[in-house]
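To start, the structure under review is shown below, and the notes come after it.
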Amino acid sequence: MELSQAALTIAMFVLSAITSGLVAFLIFLFQRTASNERDLMQHKLDAAEKYAHKNEINEIAGRLERKMDDLFKQFYDRK
């Protein structure tokens with residue numbers, strides 16, 4: 001079965017439209033992925049700058065405890 005020139009032209013048009021659509025979709029997908037990666041990195045950076053880490057909290061608690069011990073020692077030494 002042989003296809004006419006018009007049928008081949010329509011088939012080529014449909015295939016090129018599908019290919020163009022897929023290429024456009026892939027470009028959109030890669031751009032969106034890159035944008036999301038940048039946003040995620042910025043969010044991680046903001047979170048690291050804004051919130052304290054566990055070891056920082058432990059260090060602050062240790063310093064506070066040492067200061068309180070020093071104050072109690074000074075208070076009891078006065079009596």
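Quick note: numbers below take in every heavy atom, side chains included, and nothing from hydrogens, waters or symmetry partners.
Chaining together hydrophobic side chains whose heavy atoms lie under 4.5 Å apart leaves Phe28 on its own. Grouping Ile, Leu, Val, Met, Phe, Trp and Tyr residues whose side-chain heavy atoms lie under 4.5 Å apart, directly or via other members, places Val23 in a hydrophobic cluster with Ile27. Think of Ile57 as one node in a network of Ile, Leu, Val, Met, Phe, Trp and Tyr side chains linked at under 4.5 Å; it has no links at all. With a 4.5 Å cut-off between side-chain heavy atoms of Ile, Leu, Val, Met, Phe, Trp and Tyr, the cluster of Leu29 takes in Phe25.
For Ala7, the side-chain contact (heavy atoms from CB on, under 4.5 Å) criterion is met by Leu3, Ser4, not counting sequence neighbours. For Asp46, the side-chain hydrogen bond (donor to acceptor under 3.5 Å, both in side chains) partners are Gln42, not counting sequence neighbours. Residues satisfying the side-chain contact (heavy atoms from CB on, under 4.5 Å) criterion with Leu15, sequence neighbours excluded, are absent altogether. The side-chain contact (heavy atoms from CB on, under 4.5 Å) search around Met68 returns Leu64, Phe72, not counting sequence neighbours. Applying the side-chain contact (heavy atoms from CB on, under 4.5 Å) test to Lys44 and every residue at least two apart in sequence or in another chain returns Leu40, Met41.
Atom CZ of Phe13 is separated from atom OG of Ser20 by 9.0 Å, given to the nearest 0.5 angstrom.
Here salt bridge (charged side-chain N to carboxylate O under 4.0 Å, His left out) pairs that include residues 15-41, with residues two or more places apart or in two chains, number zero. Residues in residues 51-68 take part in these salt bridge (charged side-chain N to carboxylate O under 4.0 Å, His left out) pairs, two or more places apart or across chains: Glu59-Arg63.
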